[in-house]
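Letters A, B, ... are given to chains in the order of the sequence lines, protein chains preceding strands, and every chain is numbered from 1.
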Amino acid sequence: MAKGAPPTELVQLLTPDGDRIERAYDSSGTEYSIDLTDDEYRGLYRDLVVVRRLDAEGTALQRQGELGIWASLLGQEAAQIGSGRALRPQDMAFPTYREHGVLYCRGIDPIMPFGLFRGVDHGAWDPAELRCSMYTIVIGAQTLHATGYAMGIAKDGKVGSDDGEAVIAYLGDGATSQGDVSEAFVWSSVFHAPVVFFCQNNQYAISEPIERQTRVPLYQRSAGFGFPGVRVDGNDVLATYAVTRTALDNARHGQGPTFIEAYTYRMGAHTTNDDPSRYRIASEVEAWQAKDPIARMRAFLTKQQLADDDFFAEVEDEAKQVALRLRERVLAMPDPDPLQIFDHVYPHGSPELDAQRDQYAKYLDSFEGSLR
Amino acid sequence: MAKGAPPTELVQLLTPDGDRIERAYDSSGTEYSIDLTDDEYRGLYRDLVVVRRLDAEGTALQRQGELGIWASLLGQEAAQIGSGRALRPQDMAFPTYREHGVLYCRGIDPIMPFGLFRGVDHGAWDPAELRCSMYTIVIGAQTLHATGYAMGIAKDGKVGSDDGEAVIAYLGDGATSQGDVSEAFVWSSVFHAPVVFFCQNNQYAISEPIERQTRVPLYQRSAGFGFPGVRVDGNDVLATYAVTRTALDNARHGQGPTFIEAYTYRMGAHTTNDDPSRYRIASEVEAWQAKDPIARMRAFLTKQQLADDDFFAEVEDEAKQVALRLRERVLAMPDPDPLQIFDHVYPHGSPELDAQRDQYAKYLDSFEGSLR
Amino acid sequence: MTETMSLGKAINAGLRKALDRDPKVILMGEDIGKLGGVFRITDGLQKDFGEDRVIDTPLAESGIVGTAVGLAMRGYRPVCEIQFDGFVYPAYDQIVSQVAKIHFRSQGRVRLPIVIRIPFGGGIGAVEHHSESPEAYFAHTAGLKVVACATAGDAYWMIQQAIASDDPVIFFEPKRRYWDKGEVDLDSSLSEAYPLHASRVVRPGTDATVLAYGPMVRTALDAAAAAAEEGRSLEVIDLRSLSPLDLDPVYGSVRRTGRCVVVHEAPGNLGLGAEIAARVTEECFYSLEAPVLRVAGFDTPYPPARLEEAYLPDLDRVLDAVDRTFGW
Amino acid sequence: MTETMSLGKAINAGLRKALDRDPKVILMGEDIGKLGGVFRITDGLQKDFGEDRVIDTPLAESGIVGTAVGLAMRGYRPVCEIQFDGFVYPAYDQIVSQVAKIHFRSQGRVRLPIVIRIPFGGGIGAVEHHSESPEAYFAHTAGLKVVACATAGDAYWMIQQAIASDDPVIFFEPKRRYWDKGEVDLDSSLSEAYPLHASRVVRPGTDATVLAYGPMVRTALDAAAAAAEEGRSLEVIDLRSLSPLDLDPVYGSVRRTGRCVVVHEAPGNLGLGAEIAARVTEECFYSLEAPVLRVAGFDTPYPPARLEEAYLPDLDRVLDAVDRTFGW
Ligand SMILES: Cc1ncc(C[n+]2csc(CCOP(=O)(O)OP(=O)(O)O)c2C)c(N)n1
Ligand SMILES: Cc1ncc(C[n+]2csc(CCOP(=O)(O)OP(=O)(O)O)c2C)c(N)n1
Ligand SMILES: [Mg+2]
Ligand SMILES: [Mg+2]
């Protein structure tokens, strides 16, 4: 603990007005600061804008009937980019269903999650190759997977140095109520696993406000399991980056797990199926608008003269182009062949399923002008 | 908080040598003291001795082949009697499978749990009548039942006064790892339910030492869920009584849940099936022997001249008599009729089961010298 | 008086009646309050009955069911909503080891009149875990009763009967039929309504017997209509109760028709069709002209939405199976 | 070389071989370390392979299986022990929604070579939750493979095969047969051993076919021996693999005998017997002289120990069913 530093509940390095705070301290007194190059600051801004634009494309595509559903990250860009950029290449991420921004930071083709939301697949990609597990829909389940994976890292002797590997497990505020998440806390603590639990407290689990999950600030949850909890301003990309990086580095150096509560807000609906007007008032949303993660970063860049209008316009344009390319590719995604239903149930197949596939193929072929 | 009082981790009102501590403070500074009548002190001693004797009878009966298994409470008498006696008549208890001492305090016929361990029933009694739920074997499950029951108390408006009702949920140290227990913590906190979680940390979950479940003292677990945790010397019947009574009274007055960690030791095997010599050393057991809950209460009574040898002999004799009567009744427990298998699957039966019962009855009757 | 309403609205109306009738009835679940549930099945109920009776719970299914057990012990009649079929599994331990067994364990001293509502089945274009048909997992569990409604008229009464029942009831709602409209008889009474645990012939016929429940009842009826055009008369029976099964009407039917096809969305392997086939064969051995055939989901995880049409039994697959019973 | 050992010891020996063969194999569970498991199946393994490979876990089954998923993603081959059948349900969500589905979800990119060992069944005089037969809950779940060993000889090889398999395997161990001795062929190799997912005729016969698995194989064999004394020849088939089922040998047998009885401890309703009866009837429709009959646990929760003898299928009930197939 930096002596004399006033511990604060919320770690913040950038005020909503875009003013830099030199150093911040979490509730246990750990100090956080950040010193990036100008390019890096601009890079973070670019990430935020591109990811918001990609996300908007998801929402638009759903409205146009091209996706079954879309889970928007609107408002949570800083939490995702800050944490996602804090990952080192060797690290492994376990997302929920909303971490499009994290995938982007991992360098994953933005089309990846669209298979799932379009309904052509279940969100299939190679976690080992992309260093990012697949989306997990069952709330909380991935936190145990992340913990087990991190136990494996420790078993492999891949902790204890700068080259050490670490795991980040994403979860929502609602997820903290699930037994699996508490069990992941127990396991990671007992086995001292190199895992960071990154909770985006976006204030809602669908319609339920955070008060339905806890009476005390969430970041306090982990101490009683034996590892530190930090609350960071999740709309502050710099603070999120700093806090996550510290936690990941602690993990990779063998100091065990950390729980991060990124205090943020879901600006949009839970998913495109949702109607938030039924459960929250406009003034609440407006209040959060004033803390917008992109506006604040833009104000910072402007005030520090790190970027001008040309830059902002260029980023805007780039985002538009990326979204356009994405849209085209989504529209071109082919429907899967019906017989794919039988694929990959087991690594080496099963005689029963082979028989079912054959029978179904014959059945399909029996129709004139068969679909296949 | 009593000003100037030094918070301690372990609340203790009676040293292992039987010396009284006037006041004790938990880690948040809450003060505990106790002032019982001489009769009450002697009563607690009597409870401890009788319950240990009843428990020994369980072990003996199992060794003689009269029970399938027995889960001994040896060493945990003070935790159970202290908490059990702290209950008021209107309170409700949710035990695990080891709370024979709690049942005793509830005034429940000591034969009750023997049905389960003998295998003639599953431990059937009327929870509403006895103000004590049935034994629960699935680790942790009962903590949610207790929480729901406590929510019902609140719904019924039965909190907020001295007549308020409260619930006590028993659990072990191992149970704290189960998701259900954490969920019970979430629920009880969010709904401010009048429930006390009473955890007997007997240092082991079968063979696994407490270090396999947590890296930090267990009583710290609840704070992050939004309610206080207290560690009490579970071998000190006075402290356990005082802490539990305070927590229950807080609950009944509408101040929500408390988590109590009764720090104690399982002196015997996990159950009669277990062989603790495989996983713990004799010197550890010996060290705990010095903290024996009965010896310490006896020393206290002696030092304070509250009891003499006649009293102790009389209690010993009473315990023997109680155990003897119990033994006779256990031996007399009849085997159930085979057709009872079909009873009580559903409150109003089911045509399918009725048919199965009839068919089976006919089948049994088809044997010469039918079993029935 | 009868009223036309959607199946979803009928459940809403039935829940309202149950809340009205008995102050001990409470609803619990995720997002069932202000939002009215993701399918709006509880729409308006929290507003009218208060937060004390229509409870938005923390996000944990074991917690929902486990606390419902405690509330039931306290004298309440909890109705739990599981948001989607695929999210019931975290509660599986509480359901199988506690809800199903406590009455037996207590030798009848503790009743748990708990209803667990589960919107089930596919056909709505959803992502993984939102289209499961887990009914066999519950029907195999002694101590539970399991029902599935198929029409608005049944839904309205069945949910009330389930809540009034002293048994724990797993109540399956055919989510893709939530918007299907039907006639609801509002004048009947709980005691007069068609019994909860009875199957029902929903289309009489003479040539073959088709059994279905939940979302597949309409599919079976569509198939019967199509078959009729080709001169084949199918008797369609809505099973309604999956545990206990009410198969006497089925046996009667199969003894007449000699042919039987069971339809469900759940994977065929160890699905309800297996049990029904086994029993029908045992009871109607000498009447059967062909083995009981099953039209079911394939033995794979539920596929992505763009494949669900191929995965789900439909009119053609039902007719194909009927044909096969004739060609045996 | 063959050696006589108990079934429990054979699993222990098989686990030891697997740990020896592949450094990625790890064992996880409650009390499996110093204690060697409550049934001593892992006795001595932690001592010999270290705490890093034989891991005493915190007390939470979802945690055991959920972290096993992550370890498998990292390249390990976790073998999880569930202490007793009745304690697998807290892990049910992880098993059904993750273990069973991740290979499918990932289109084959993620393999989960996880084995979940479950001592199952009754007959040991235990208290509630310690005598369950939950195999149907898993066999109904696509994406899992499910096996049950019945003899020491099979146990030794099957556990090694299950661990070597790239599938997630639910491995049922007949706990009341842990102490039964049998011959174990130690010289065979994994590739030469009798295949994991194949059933096996364990006693040839001509008059009726009796199917069993796990603890009931011995019961079926005892019944066959008794029947032989009365001049009736029963063919006994040990199913071994419950998912997928290997029924070709069964069909062959039933086509010869015309009679089939399935035996299991699990409740009859929607137990394995239902699926087998349905399939055998479909495949052998014209060969069957009587419907496939089932001898199973009653459709009740598992009773207290003093009633389990009455609850569990035994020699007499098997013979009674065989008789009934002759009297049909
Ligand atoms: C086990 C389970 N129960 C219920 C759901 C349905 N569901 C999907 S998202 C959601 C809310 C999640 O809230 P939170 O964890 O805060 O994440 P957020 O959506 O806000 O990012 C719910 C209840 C689910 N997916 N899994
Ligand atoms: C869900 C579940 N898993 C495993 C078991 C087997 N088991 C019975 S007692 C026990 C240890 C319990 O330890 P703890 O909670 O500390 O209670 P104690 O026995 O020490 O009183 C275990 C693992 C069980 N009963 N339930
Ligand atoms: Mg949220
Ligand atoms: Mg313990």
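- Looking at residues two or more places apart in sequence or on another chain, you find a side chain to side chain contact (heavy atoms under 4.5 Å, CB included) between C/Pro119 and C/Phe39, C/Lys175, C/Tyr178.
- Within the model, atoms CD of C/Glu30 and SG of C/Cys80 stand 10.5 Å from one another, a figure rounded to the nearest 0.5 Å.
- Residues passing the side-chain hydrogen bond (donor to acceptor under 3.5 Å, both in side chains) test with C/Gln94 are B/His145, B/Asp180, sequence neighbours excluded.
- Using modelled atom types, one side-chain atom of D/Glu265 and one backbone atom of D/Gly122 make a donor-acceptor pair closer than 3.5 Å.
- Within the model, atoms OG of C/Ser253 and CD1 of C/Ile237 stand 4.5 Å from one another, a figure rounded to the nearest 0.5 Å.
- No other option in D/Ile95, D/Thr300, D/Asp299, D/Val96 has as many heavy-atom pairs under 4.5 Å with chain C as D/Val96.
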Using side chain to side chain contact (heavy atoms under 4.5 Å, CB included), reason through C/Thr67 and C/Met28 one step at a time and then give a plain yes or no. CA-CA 10 Å; C/Thr67 55; C/Met28 309 167 67; 3.3 Å; yes

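- For the residue pair D/Tyr213/D/Glu135, the side-chain donor-acceptor check at 3.5 Å is satisfied.
- When heavy atoms are compared at a cutoff of 4.5 Å, C/Glu132 approaches chain D solely by way of its side chain, counted from C-beta outward.
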Go through the steps for D/Val110 and D/Met73 under the test side chain to side chain contact (heavy atoms under 4.5 Å, CB included), then give the verdict. CA-CA 7 Å; D/Val110 182; D/Met73 288 176 167; 4.1 Å; yes

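- A salt bridge does not link D/Lys101 to C/Glu128: none of the charged nitrogens lies less than 4.0 Å from a carboxylate oxygen.
- Neither the backbone nor the side chain of D/Ser62 comes within less than 4.5 Å of any heavy atom of chain C.
- Contacts of residues 317-328 of chain C with chain D at a heavy-atom distance below 4.5 Å involve C/Trp328, listed in sequence order.
- Highest contact tally toward chain D, considering only C/Thr141, C/Val292, C/Val88, is held by C/Thr141 [criterion: heavy-atom pairs under 4.5 Å].
- Looking only at distances, no side-chain donor or acceptor of C/His130 sits under 3.5 Å from a matching main-chain atom of C/Gly86.
- In terms of heavy-atom pairs under 4.5 Å with chain C, the best-connected choice from D/Phe87, D/Phe298, D/Phe285 is D/Phe285.
- Only one option out of C/Phe138, C/Phe172, C/Tyr137 pairs with C/Phe120 in a ring pair (Phe, Tyr, Trp, His ring centres under 6.0 Å); it is C/Phe172.
- Rounded to the nearest 0.5 Å, atoms OG (D/Ser287) and CZ (D/Arg255) are 6.0 Å apart.
- For residues 270-282 of chain D, the interface with chain C (any heavy-atom pair closer than 4.5 Å) comprises D/Leu270, D/Gly271, D/Leu272, D/Ala274, D/Glu275, D/Ala277, D/Ala278, D/Arg279, D/Thr281, D/Glu282, sorted by residue number.
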